[in-house]
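A short worksheet on the structure shown next.
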Amino acid sequence: MALRVSQLASGYGKLQVLFDVSFEVGKNSVVSILGPNGAGKTTTLLTVMGVVKPWGGKVELGGVDVTNVPPHKKVELGISLVPEGRRLFPEMTVEENLLMGAYTKRARGKLADSLEFVYSLFPRLRERRRQKAGTMSGGEQQMLAIARALMSRPSVLLIDEPSAGLAPKVVSDLFRTIGQLRSEMSVLLVEQNVAAALEISDYAYVLENGRIVLQGAPRELAENDHVKKAYLGV
Ligand code: ATP
């Protein structure tokens with residue numbers, strides 16, 4: 001198992017947001033956590049990274065307990081987050097943003113190889129490598145946010161809501177590329193766009209009010225009455 005999260009609990013101050021959240025991401029697979037606004041999807045990713053401290057439960061990366069390892073050390077161990085809202089450096093060029101993602105020991109020795117990897121994955125970024133990030137389209141900025149996270153050479157990539165604010169055609173192109181990543185690594189995707197996420201996932205979980213309420217293969221979930229009504233509009 002690439003990533004195993006067991007009975008995770010966390011929150012902010014006295015507010016508990018996650019309750020007993022358990023899920024697994026296999027090697028070379030794409031797994032989604034789906035759910036509405038405020039369900040705790042972002043909090044799940046932040047707690048896995050250690051940006052938000054776990055109150056209880058366990059996070060294992062490749063079988064190693066990393067529950068209390070701080071975020072920068074986790075990146076060194078091979079897990080990387082594409083944050084909600086992309087968080088690019090808008091005044092820096094595409095390539096400068098990419099280099100910012102390669103600050104770990106793990107990544108520094110492989111810079112040229114990593115640039116080639118992300119540019120072949122997203123040829124648009126190669127064309128735009130000297131353009132300021134802030135002047136690119138929403139879809140291009142999302143590609144850049146993913147590419148920057150890949151520069152740390154993760155074995156597990158966490159992606160928060162990549163479809164946010166993008167047109168359907170842009171989402172389907174982007175998701176196709178995210179799906180291709182599974183030949184190189186494991187991907188945990190958090191999404192409100194349930195239809196798009198199910199299309200590229202090997203397995204998915206539904207998070208509501210901080211709890212996993214359903215899980216299954218995409219085809220099973222797409223047939224589930226609750227999923228159909230609440231998320232697929234059918
Ligand atoms: P969205 O898609 O809107 O980001 P989400 O499923 O990712 O939703 P979270 O962002 O994890 O949900 O938020 C879960 C709950 O935690 C919400 O009730 C939110 O108000 C609360 N919350 C999030 N961040 C903080 C914070 N920094 N301080 C206090 N409460 C927070």
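For ligands, and for the atoms within them, numbers begin at 1 and follow the listed sequence. By convention here, the first residue in the shown sequence is residue 1. Both backbone and side-chain heavy atoms feed into the values below; hydrogens, waters and symmetry mates do not.
With 3.5 Å as the limit, one finds no donor-acceptor pair spanning the side chains of Y231 and E191.
When distances from atom 20 (O) of ligand 1 to the protein are checked, no heavy atom turns up under 4.0 Å. In this structure, atom 14 (C) of ligand 1 is in close contact with the protein, since a protein heavy atom lies within 4.0 Å of it.
In this structure, the side chains of E161 and R86 stay at 4.5 Å or more apart for every pair of heavy atoms. Side chains of L45 and K41 form no contact here, defined as non-hydrogen atoms less than 4.5 Å apart. Residues L189 and I200 have side chains in contact (heavy-atom distance under 4.5 Å, counting atoms from C-beta outward).
Taking every heavy atom of Q192 and a limit of under 4.0 angstrom, the matching atoms of ligand 1 come to 2 (O). For ligand 1, the atoms sitting less than 4.0 Å from at least one non-hydrogen atom of K41 are 2 (O), 5 (P), 6 (O), 7 (O), 8 (O), 11 (O), 12 (O), numbered in the order shown with element in parentheses. Numbered from 1 in the order shown, with element, the atoms of ligand 1 that lie under 4.0 Å from a heavy atom of E161 read 2 (O). When each atom of ligand 1 is checked for a heavy atom of V17 under 4.0 Å away, the hits are 14 (C), 15 (C), 16 (O).
Ligand 1 lies within reach of P36, whose nearest heavy atom is under 4.0 Å from it. By the 4.0 Å heavy-atom criterion, G35 is excluded from the residues contacting ligand 1.
Around atom 11 (O) of ligand 1, the closest heavy atom drawn from T43, N37, L18 belongs to T43. The heavy atom nearest to atom 10 (O) of ligand 1, out of those in T44, T42, L45, is found in T42.
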Validation: residues 74-85 side-chain donor-acceptor distances under 3.5 Å, sequence neighbours left out:
| residue | atom | partner | partner atom | Å |
| --- | --- | --- | --- | --- |
| K74 | NZ | V48 | O | 3.1 |
| K74 | NZ | M49 | O | 3.2 |
| K74 | NZ | V66 | O | 3.4 |
| K74 | NZ | V69 | O | 2.9 |
| E76 | OE1 | K105 | N | 3.3 |
| E76 | OE2 | K105 | N | 3.0 |
| E76 | OE2 | R106 | N | 2.7 |
| S80 | OG | A149 | O | 3.1 |
| S80 | OG | S152 | OG | 3.4 |
| E84 | OE1 | T42 | OG1 | 3.3 |

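Checking only distances, G40 does come within under 3.5 Å of ligand 1, N or O to N or O. Taking only nitrogen or oxygen atoms, main chain and side chain alike, A39 reaches within less than 3.5 Å of ligand 1.
The distance from the CG atom of L144 to the CZ atom of R129 is 14.0 Å, given to the nearest 0.5 Å. The CG atom of L207 sits 9.0 Å away from the CZ atom of F23 when rounded to the nearest 0.5 Å.
Annotation for A9 and Q16: closest pair CB-NE2, 3.7 Å, computed over non-hydrogen atoms.
More than 12 heavy atoms of other residues, nucleotides or ligands shown are found within 6.0 angstrom of NZ on K228.
In terms of protein heavy-atom proximity, atom 30 (N) of ligand 1 is nearest to Y12 CD1, 3.5 Å.
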